[in-house]
Visitor: 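Before I ask anything, here is the structure I am working with.
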Amino acid sequence: NSGNLIASEKFQNPNWRSYNVEATSDGGFILAGGLGSKDALRLGKYSSSGSEEWIKDFNTEHREHLYAVTETSDGGFVASGVIMSDGCCGGLGSSVLIKTDSSGNLEWDKVFSYTSYEENHVDSNGLVEADNGDIIFSSYGENSRITRVNSNATSEIWTLNTGSITGGHKYINKTSDGGLLIPSGN
């Protein structure tokens, strides 16, 4: 309210790269990111005072980061990010969704692969849970897209290819009538 600093946390691990922070229903917050020199997606949950509650790493064989996270209606979290197949920034990219419970334990993960760099050098930033539990996320590269999947990501409901948009769709917001507000570009 008054602009006073309530909490400040300095991460001692220089490889912990956080790309998104979201407030949680318990008054705390959750960070999404990855480890720079290691291959792991990372979520960190903190109390309202900034105390660490848990940090979870989700390992794969490729360089990766989570770029968006949101709390779900069941009290868990869903996060979206990218996995680079060559271990860095110039190869094929895939979008990844992970779902955890409220303690950060993995419930499921889903990778959405693309066939070429031109098709998608992925950054997944926009992410919301629809009122019915479906998950809507954005990814972009040469082509930008918005994808809606069911609540456990076993079924793709639709994908909207929006073409070449610099910066893609970094935010997705729900409107009061159940629609989506999706700005484009940087």
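Residue indices begin at 1 and follow the sequence shown.
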Visitor: Give the minimum heavy-atom separation between Ala130 and Ile136, together with the two atoms involved.
Guide: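 In this case the closest contact between Ala130 and Ile136 is CB-CD1, 4.2 Å.
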Visitor: Are any non-hydrogen side-chain atoms of Arg42 and Leu66 less than 4.5 angstrom apart?
Guide: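 A side-chain contact is absent here, since even the closest heavy-atom pair is not under 4.5 Å.
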Visitor: Run the side chain to side chain donor-acceptor pair (under 3.5 Å) check on Glu107 and Thr100 step by step: do they pass?
Guide: CA-CA 5 Å; Glu107 293 182 351; Thr100 72; over 6 Å; no
Visitor: Is there side-chain contact between Trp54 and Leu43, with heavy atoms separated by less than 4.5 Å?
Guide: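 Result yes, sub-4.5 Å side-chain heavy-atom pair found.
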Visitor: Would you call Val128 and Thr70 a side-chain contact if the rule is heavy atoms closer than 4.5 Å?
Guide: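 In short, these two side chains do not touch, never coming nearer than 4.5 Å.
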Visitor: Would you say Glu129 and Ser73 are linked by a side-chain donor-acceptor pair, where the criterion is simply a distance under 3.5 Å?
Guide: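 On atom types as modelled, these side chains qualify, holding a pair under 3.5 Å.
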Visitor: Does some side-chain heavy atom of Asp57 sit less than 4.5 Å from a side-chain heavy atom of Leu41?
Guide: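 Leu41 does not reach Asp57 side chain to side chain.
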Visitor: Would you say that Val96 contacts Lys110 through its side chain, given a criterion of any heavy-atom pair below 4.5 Å between the two side chains?
Guide: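 Not touching, per the 4.5 Å side-chain cut-off.
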Visitor: State, to 0.1 Å, how close Ser48 and Gly27 come at their nearest heavy-atom pair, and which atoms those are.
Guide: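 Distance-wise, the nearest heavy atoms are CB-O, 3.2 Å.
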Visitor: Report yes or no: does Asp101 contribute a side-chain atom to a donor-acceptor pair with the main-chain N or O of Gly76 at less than 3.5 Å?
Guide: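 No: the side chain of Asp101 does not pair with the backbone of Gly76.
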Visitor: Would you tell me whether Lys56 and Asn105 have side-chain atoms, one donor and one acceptor, within less than 3.5 Å of each other?
Guide: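 Per modelled atom types, Lys56 and Asn105 side chains form a pair under 3.5 Å.
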Visitor: From Phe29 CZ over to Asn20 CG, what is the distance, rounded to the nearest 0.5 angstrom?
Guide: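 Nearest 0.5 Å value for the CZ-CG distance: 12.5 Å.
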Visitor: Atom CD1 of Ile135 and atom CG of Leu127: how far apart are they, to the nearest 0.5 Å?
Guide: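 Answer for the CD1-CG pair, Ile135 versus Leu127, is 7.5 Å.
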Visitor: Got Leu106 and Ile98 here, is their nearest side-chain heavy-atom distance under 4.5 Å?
Guide: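 They are in side-chain contact.
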Visitor: In sequence, state the C-alpha distance, the side-chain angles, and the governing distance for Tyr46 and Ile30, and then conclude on side chain to side chain contact (heavy atoms under 4.5 Å, CB included).
Guide: CA-CA 6 Å; Tyr46 296 83; Ile30 187 161; over 6 Å; no
Visitor: Within this structure, what is the OG-CG distance for the pair Ser80 and Leu97, rounded to the nearest 0.5 Å?
Guide: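 Rounded to the nearest 0.5 Å, the OG-CG separation comes out at 6.0 Å.
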Visitor: Starting at OG of Ser51, measure out to NZ of Lys45 and round the result to the nearest 0.5 Å.
Guide: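 Between Ser51 OG and Lys45 NZ, I get 10.5 Å after rounding to 0.5 Å.
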Visitor: Is the shortest heavy-atom distance from the side chain of Thr24 to the side chain of Phe77 under 4.5 Å?
Guide: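 Side chain of Thr24 against side chain of Phe77, heavy atoms only: contact under 4.5 Å found.
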Visitor: CG of Asp26 to OG of Ser102: how many Å apart, nearest 0.5 Å?
Guide: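 Nearest 0.5 Å value for the CG-OG distance: 9.0 Å.
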Visitor: Evaluate the criterion side chain to side chain donor-acceptor pair (under 3.5 Å) for residue pair Thr147 and Glu156; output intermediate values, then yes/no.
Guide: CA-CA 7 Å; Thr147 303; Glu156 188 174 309; 5.1 Å; no
Visitor: When rounded to the nearest 0.5 angstrom, what is the spacing between NZ in Lys99 and CH2 in Trp108?
Guide: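 These two atoms lie 8.0 Å from each other.
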Visitor: Check step by step if side chain to side chain contact (heavy atoms under 4.5 Å, CB included) holds for Asp134 and Val149.
Guide: CA-CA 6 Å; Asp134 289 351; Val149 296; over 6 Å; no
Visitor: For residues Asn150 and Asn152, determine if any side-chain heavy atom of one lies less than 4.5 Å from a side-chain heavy atom of the other.
Guide: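 They are in contact (side-chain heavy atoms under 4.5 Å apart), so the answer is yes.
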